[in-house]
There are 2 protein chains.
Amino acid sequence: METVTLIISTVEFAKALADETRQKIMALCCCELVSVNDLVDKLDVAQPTVSHHLKILKNAGLVKSERRGKQVFYTLDQESLARGCCQVAEDFAPNQPVKMVISVPE
Amino acid sequence: METVTLIISTVEFAKALADETRQKIMALCCCELVSVNDLVDKLDVAQPTVSHHLKILKNAGLVKSERRGKQVFYTLDQESLARGCCQVAEDFAPNQPVKMVISVPE
DNA sequence: TGGACGTATAGATAAACATCAATTTGACAC
DNA sequence: GTGTCAAATTGATGTTTATCTATACGTCCA
């Protein structure tokens, strides 16, 4: 699993989120591996458009990808997303703290 | 203080954040009241541009405004911002919970 | 009621961006 | 190698958006 954990600015983070199609993609690959074709089937945009959005999400460090044979599977990096959300809150809402809930492994 | 607490989608929320000038404005009015002219002085964009961005932030429920005489003062609604961040995390990172830290008044 | 000041709106323009069709690249099977 | 399928890239197009200038609106004071 090639993990590209870029450190991006809050502007880049927000821009990556600021599109309906990308948010649909994020919801679809939030908790599982999905191929590009899976996404194309579930969205009403063409395959190159899906690839375009996946590239933006990947550059923002919000998805990870993994090739399996002819297919490439994507999944959302929930930790990166959560860190981005916390960073935005920390930067702009210092009086209204937002924290990641760390689940301590037993 | 006219509070416009709109319930907006995560897409609208992200779009409101997705601009460098708006993030600068948010930082400047994060913890205090600032007039439009204050913002114009501290940013290198024209006054109508500042007003334009303030309108977008206001429509997103992220700033509150208050007229005092000839001036209009804006301030960031930190709670709305924090709620937006939590909503994004909740929607897309359910396995990586992010919570607002509620400070209990004594 | 003017004028001055601060802010908002209207209209124009250029840059950014989402989308698509066409093509290329990559991986596998024969 | 050749064909096939999956995904990425290229190039074009229309829309969105950030910005500006010019103007209108709102408030206060003389």
Side-chain angles (χ1 to χ4, degrees), chain A residues 1-2 4 8-29 32-76, chain B residues 1-2 4 8-29 32-76:
Chain A
M1 178 74 72
E2 42 168 327
V4 182
I8 60 168
S9 69
T10 52
V11 172
E12 292 172 279
F13 175 72
K15 283 189 176 180
L17 296 181
D19 180 83
E20 185 169 6
T21 300
R22 281 199 291 279
Q23 288 204 2
K24 286 180 182 171
I25 289 173
M26 289 192 292
L28 288 169
C29 71
E32 57 183 330
L33 288 175
V34 292
S35 70
V36 177
N37 260 342
D38 287 342
L39 293 170
V40 173
D41 288 345
K42 290 173 182 167
L43 299 167
D44 50 356
V45 292
Q47 175 266 315
T49 301
V50 172
S51 286
H52 165 73
H53 287 302
L54 287 169
K55 188 176 190 177
I56 290 170
L57 292 172
K58 182 132 191 188
N59 286 340
L62 292 176
V63 296
K64 297 179 275 192
S65 67
E66 175 187 10
R67 178 175 279 277
R68 288 187 187 170
K70 284 181 277 194
Q71 302 183 84
V72 178
F73 289 84
Y74 285 83
T75 192
L76 193 69
Chain B
M1 181 74 73
E2 41 168 328
V4 182
I8 61 167
S9 68
T10 53
V11 173
E12 291 171 280
F13 175 71
K15 283 188 175 179
L17 297 180
D19 180 84
E20 185 169 4
T21 300
R22 281 199 291 280
Q23 288 204 2
K24 286 180 182 171
I25 289 173
M26 289 192 292
L28 289 169
C29 71
E32 55 182 332
L33 289 174
V34 291
S35 70
V36 178
N37 260 342
D38 287 342
L39 293 169
V40 172
D41 289 343
K42 291 173 183 168
L43 299 166
D44 50 357
V45 291
Q47 175 267 314
T49 301
V50 172
S51 286
H52 164 74
H53 287 301
L54 287 169
K55 189 177 189 178
I56 289 170
L57 291 172
K58 182 133 193 191
N59 287 340
L62 291 176
V63 296
K64 297 180 274 192
S65 66
E66 176 186 9
R67 178 177 279 276
R68 288 188 186 170
K70 284 181 277 191
Q71 302 183 86
V72 179
F73 289 85
Y74 285 83
T75 193
L76 192 69

Worksheet item: dT19(D), dA8(D), dC20(C): which one has an atom nearest the side-chain heavy atoms of Val36(A)?
Response: dA8(D)
Discussion item. Side chain of Gln71(B), heavy atoms from C-beta onward: which of dT21(D), dT7(C), dA6(D) has the nearest atom to it?
Written reply: dT7(C)
Worksheet item: Is there side-chain contact between Val45(A) and His53(A), with at least one heavy-atom pair below 4.5 Å?
Response: no
Fill in: Ionic contact status for Glu66(A) with Lys64(A), cut-off 4.0 Å
no
Practice prompt. Looking at every strand, decide which applies to Leu39(A) at a 4.0 Å heavy-atom threshold: base, sugar-phosphate, or nothing.
Written response: nothing
Item to complete: Determine the contact category for Arg68(B): base if any of its heavy atoms lies under 4.0 Å from a base atom, sugar-phosphate if only primed atoms, P, OP1 or OP2 are that close, otherwise nothing.
Response: nothing
Response to the item:
Taken to the nearest 0.5 Å, the spacing of Met26(A) CE from Leu62(A) CG works out to 7.0 Å
Worksheet item: To the nearest 0.5 Å, how far apart are CD in Glu20(A) and OG1 in Thr10(B)?
Response: 9.0 Å
Whole angstrom is fine here: how far is it from [atom1] in [X] over to [atom2] in [N]?
X	N	atom1	atom2	value
Leu17(A)	dA18(C)	CG	P	12 Å
His52(A)	dA22(C)	NE2	P	20 Å
His53(B)	dC20(D)	NE2	P	9 Å
Arg67(B)	dG6(C)	CZ	C1'	7 Å
Asp38(A)	dA7(D)	CG	C1'	13 Å
Lys70(B)	dC28(D)	NZ	P	9 Å
Asp44(A)	dC20(C)	CG	P	8 Å
Glu66(B)	dT27(D)	CD	C1'	15 Å

Is there a side-chain contact between [X] and the phosphate of [N], meaning an N or O under 4.0 Å from OP1 or OP2?
X	N	value
Lys55(A)	dA8(D)	no
Thr21(B)	dA18(D)	no
Tyr74(B)	dG6(C)	no
Ser35(A)	dA6(D)	no
Asn37(B)	dC5(C)	no
Thr49(A)	dA18(C)	no

Fill in: First encountered from the 5' end of DNA chain C, between Pro48(A) and Lys15(A)
Lys15(A)
Worksheet entry | Quiz item: Gln47(A) side-chain donor-acceptor pair to dA6(D) base, under 3.5 Å | no
Worksheet item: Checking side chain to side chain contact (heavy atoms under 4.5 Å, CB included) for the pair Leu54(A)/Ile25(A): CA distance, chi angles, key distance, verdict?
Response: CA-CA 8 Å; Leu54(A) 287 169; Ile25(A) 289 173; 3.8 Å; yes
